[in-house]
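Read the numbers this way: they start at 1 and go in the same order the structure lists the ligands and their atoms.
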Amino acid sequence: AQLTNDDVRNLARELGVKFIRLQFTDIFGVLKNVSITVEQLDKALDGELMFDGSSIEGFVRIEESDMYLRPDPATFVVFPWRPRDGAVARLICDIYNADGTPFIGDPRYVLKRVIGEAKEMGYGMNVGPEAEFFLFHVDSDGRPTTMTHDRAGYFDLTPVDLGEDARRDMVLTLEQMGFEIEASHHEVAPGQHEIDFKYADALDTADKVVTFKFVVRTIAQRHGLHATFMPKPIFGIAGSGMHLNQSLMKNGENAFFDPGAPMQLSETALFYIGGLMKHARAITAVTNPTVNSYKRLVSGYEAPVYIAWSSRNRSPLIRVPAKRGNSTRIELRSPDPACNPYLALAVCLKAGLDGIKNRIAPPPPCDRNIYAMTEREREELGIGCLPQNLKEAMDELVRDEVIREALGPHVFDRFMEAKQIEWDRYRTQVHPWELEEYLTKY
Ligand code: ADP
Ligand code: MG
Ligand code: MG
Ligand code: MG
Ligand code: MG
């Protein structure tokens, strides 16, 4: 059962909550906090707390800066790592304009809008994310390094299982906060970890991803480590992705499952795949939003490069895991954990719905190793590739009306503005690689 405002008031009293953090994200998915004391809780729950939106990146112009926070009572949770006395809780908020209308620049609203569109078609989206991250040591000044805990054993700094301890603590903390953890394991790269929690509806999952990243960072810090969701922190070893397992429900059943169909995949599932593939290049700007994201999307590290789907192997963009029945789902393998989960889920769902509406059939599944094919073979099979850098992805986003519509004009404009600046700053930098390559050669 979902919590109501009254439940929140009661719980706050029972649990001795003293401080409440009102949380929301900017368009980059960066978590923002407005801290209040429990005395202000009533006012907050009534949606009467105001903040200055012009101080938040990508939000509003100065002259229209008064915004209201409306906490979603279902998101109430107490931080288990803070003292019992004077406990700290948080509420995730929706953002409203002064005139009481939802603010179109609020990423949570962007997702809610696309969820509404799905609902009109009879669908509810379920998502299970697999967020990977690195745990690095901090130096003597407390600054993060890129030295991993398991390599540290080699340098004789600390016991080798420091990272494992931290991860165990993360899992326990997340469970105390209501997460159902399905798996937690060391990933392929040294210092790299994955913690999987159970799928839920799209909004709940987006909220959880934001919470997850914040908890992982906080707990890492308490273990003297730095957790990073940067997609590719170290050249030459695997980067961190955030696969998005997606399915649609209709009338209480998994709409991707059809026991009588080939592969037991419904027409809906196939069209959803078709839509995702059609919009894959534009979506990438949102699911892989940093310059660094594209250093992960290269061959050789299990990250996707080519736009194809398969039920057999893990190289393509979309994999259909073998499980059927309620677990029937598709796994989009391109997203990375630097994305804003609200926007990422919004564009995925929008693309899938477009596939269903317009009956976009996907090409046949590709069960061969695409990396081993020649360019010619790929061309013959019509296998395209994902954008190779942020600029290419941005150009695709500009051209894709459907995905732009999912974001809405406000978020689209602010996102493009910010990404153009990010790209230009990167493009004009002289990188260490260039010095190494050219300084003595020319
Ligand atoms: P992988 O085999 O790719 O490593 P994991 O087991 O790590 O996959 O993660 C699978 C994710 O898919 C979990 O978050 C799980 O809850 C989620 N999942 C399971 N069934 C569904 C479903 N029907 N819809 C969406 N997600 C699902
Ligand atoms: Mg996994
Ligand atoms: Mg697994
Ligand atoms: Mg993994
Ligand atoms: Mg996976």
Have a look at Glu132 and say which of its N, O or S atoms is nearest the Mg ion (ligand 4).
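Result: OE2.
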For the Mg ion (ligand 4), the closest N/O/S atom belonging to Glu187:
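It is OE2, the N, O or S atom of Glu187 closest to the Mg ion (ligand 4).
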Does either side chain, that of Thr4 or that of Asp7, offer a donor lying less than 3.5 Å from an acceptor on the other one?
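Indeed, the side chains of Thr4 and Asp7 share at least one donor-acceptor pair under 3.5 Å.
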Is a side-chain donor-acceptor pair under 3.5 Å present for Glu130 with Asn245?
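Judged by distance alone, the side chains do pair up.
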Closest N/O/S atom of Glu331 to the Mg ion (ligand 5), by atom name?
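Of the nitrogen, oxygen and sulfur atoms in Glu331, the Mg ion (ligand 5) lies nearest to OE2.
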If you check every N/O/S atom of His243, which is the one nearest the Mg ion (ligand 5)?
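Answer by atom name: ND1.
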Give a yes or no on whether Glu194 keeps an N, O or S atom under 2.8 Å from the Mg ion (ligand 4).
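Of the N, O and S atoms in Glu194, at least one lies under 2.8 Å from the Mg ion (ligand 4), which means yes.
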Less than 6.0 angstrom separating the ring centers of Phe103 and Tyr96, yes or no?
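When the ring centroids of Phe103 and Tyr96 are compared, they turn out to be at least 6.0 Å apart.
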Do Tyr371 and Tyr306 have ring centres separated by under 6.0 Å?
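So the answer is yes for these two rings.
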So, is the end of the Lys250 side chain (NZ or CZ) under 6.0 Å from the ring centre of Tyr123 and within 45° of the ring's axis?
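Ring-cation test returns yes.
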In Glu130, the N, O or S atom nearest to the Mg ion (ligand 2) is which?
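Looking only at N, O and S atoms of Glu130, the one nearest the Mg ion (ligand 2) is named OE1.
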